[in-house]
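First up is the structure itself, then whatever we jot down about it.
Below, all heavy atoms of this structure are taken into account, side chains as well, without hydrogens, waters or symmetry copies. From a predicted model like this one, the values you see are computed outputs, not experimental measurements. Here is the naming used below: chain letters follow the sequence lines, and residue numbers restart at 1 for every chain.
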Number of protein chains: 2
Amino acid sequence: MLNNKLDRTFAALANPARRAMVERLVAGPATVSELARPLPMSVPAVMLHLKVLEEAGMVESEKVGRVRTCRLDSAMLSQAEIWVAEQRAMGESNLDRLVKYLDETDGGQ
Amino acid sequence: MLNNKLDRTFAALANPARRAMVERLVAGPATVSELARPLPMSVPAVMLHLKVLEEAGMVESEKVGRVRTCRLDSAMLSQAEIWVAEQRAMGESNLDRLVKYLDETDGGQ
DNA sequence: TTTATTGTTAAGCATGTACTTAAGTATAAA
DNA sequence: TTTATACTTAAGTACATGCTTAACAATAAA
């Protein structure tokens, strides 16, 4: 499982701790401890979440001295957004056509 | 885990079989066998994926006779789209500000 | 009324996820 | 040079996910 890039991206977003980390990182880079501080879990647990985000290509990090600084890469976020937007748009336009058809043919009355 | 609605939505989308089912359903309703036919797995496995999509509120289904017909509900897809779009937009505007700042201050040169 | 179709349930198995605590390493501050 | 900080690794636990096959139920077609 999780071969596909979209698999990894959506799986990464399917967790509230990881979404919180993304929500923090959209405001700018942060260290591991800054990411961990608001989260109700240990630092090693945050490291695992960070690894998931990095493997999904959504976050990059670099260690300088003893501090690892993480920053968002929004490219995969864009890919996910495009996929969802396309499906939603097609689903809704299909529904619109159905509603219009029912209106025109007095369907269901 | 998976308390949050977004958790379930993103988790549902994190699987290629389930995304394929959604991609089929945006074109209109389909039966369980129609959803299963193109997928490289057994019908019981497809039923499990269908259950995940239903529990995420993305698909509704109704059984008439021996046939269960499934249709997409795009509301949760919209919720997911909004979250992703917001984060991506904020991430990019933040990056834009950084680039602009570096340009103006001759940063990094 | 036999038979085929459509779906459902149950049991089992392998792997992945989401943490924990404990014990390290490397760096920087006192 | 001792000590605190920031992260990392390892080991272990509990539960969830993604399938499988086999057996079954309900309905429709022959």
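The nearest whole Å value for the distance from the CG atom in Leu53(A) to the C1' atom in dA18(C) is 14 Å. Summarising the geometry, the separation between NZ on Lys51(B) and C1' on dT8(C) is reported as 12 Å, rounded to the nearest angstrom. Atom CZ in Phe10(B) sits about 17 Å away from atom P in dT17(D), given to the nearest Å. Taking atom CE of residue Met41(A) and atom P of nucleotide dA14(D), one finds them 19 Å apart after rounding to whole Å. Note: CE (Met47(A)) to P (dA23(C)) measures 20 Å, nearest angstrom. One atom, CG of Leu50(A), and another, P of dT17(C), lie 16 Å apart when rounded to the nearest Å. For the pair Leu39(B) CG and dT20(D) P, the computed distance is 11 Å after rounding to whole Å. We find that CG of Leu48(A) is positioned 16 Å from P of dG12(D), with the value rounded to whole Å.
The minimum heavy-atom distance between Asn94(B) and Val26(A), with the atom names listed, is CB-O, 3.3 Å.
One can find a donor-acceptor pair under 3.5 Å joining the base of dT27(D) and the side-chain atoms of Arg66(B).
Residues Val52(B) and Asn15(B) fail the side-chain proximity criterion, which asks for heavy atoms closer than 4.5 Å. Looking at Val22(A) and Trp83(B), their side chains come closer than 4.5 Å, going by heavy atoms from C-beta outward.
One hydrophobic cluster holds both Met47(B) and Val59(B) under the rule that ILVMFWY side chains link at heavy-atom gaps under 4.5 Å.
Set against dG18(D), dT6(C), dT8(C), the side chain of Asn15(B) has dG18(D) as its closest nucleotide.
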Next on the checklist: Could you go through Arg19(B) and Glu23(B), starting from their C-alpha distance and side-chain angles, then the distance that decides it, and tell me whether this counts as salt bridge (Lys or Arg N to Asp or Glu O under 4.0 Å)?
Outcome noted: CA-CA 6 Å; Arg19(B) 285 200 305 280; Glu23(B) 287 169 354; 5.4 Å; no
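Remark on DNA chain C: of its neighbouring residues Arg18(A) and Glu34(B), the 5'-side contact belongs to Glu34(B), judged by nearest-heavy-atom nucleotide. Summary of the strand contacts: Pro44(A) and Arg68(B) both lie near DNA chain C, and taking for each the nucleotide with the nearest heavy atom, the more 5' one is attributed to Arg68(B).
Contact annotation for Val43(B): base contact, defined as any heavy-atom pair under 4.0 Å involving a base atom.
Checking the phosphate oxygens (OP1, OP2) of dC19(C), a side-chain nitrogen or oxygen of His49(A) falls inside 4.0 Å.
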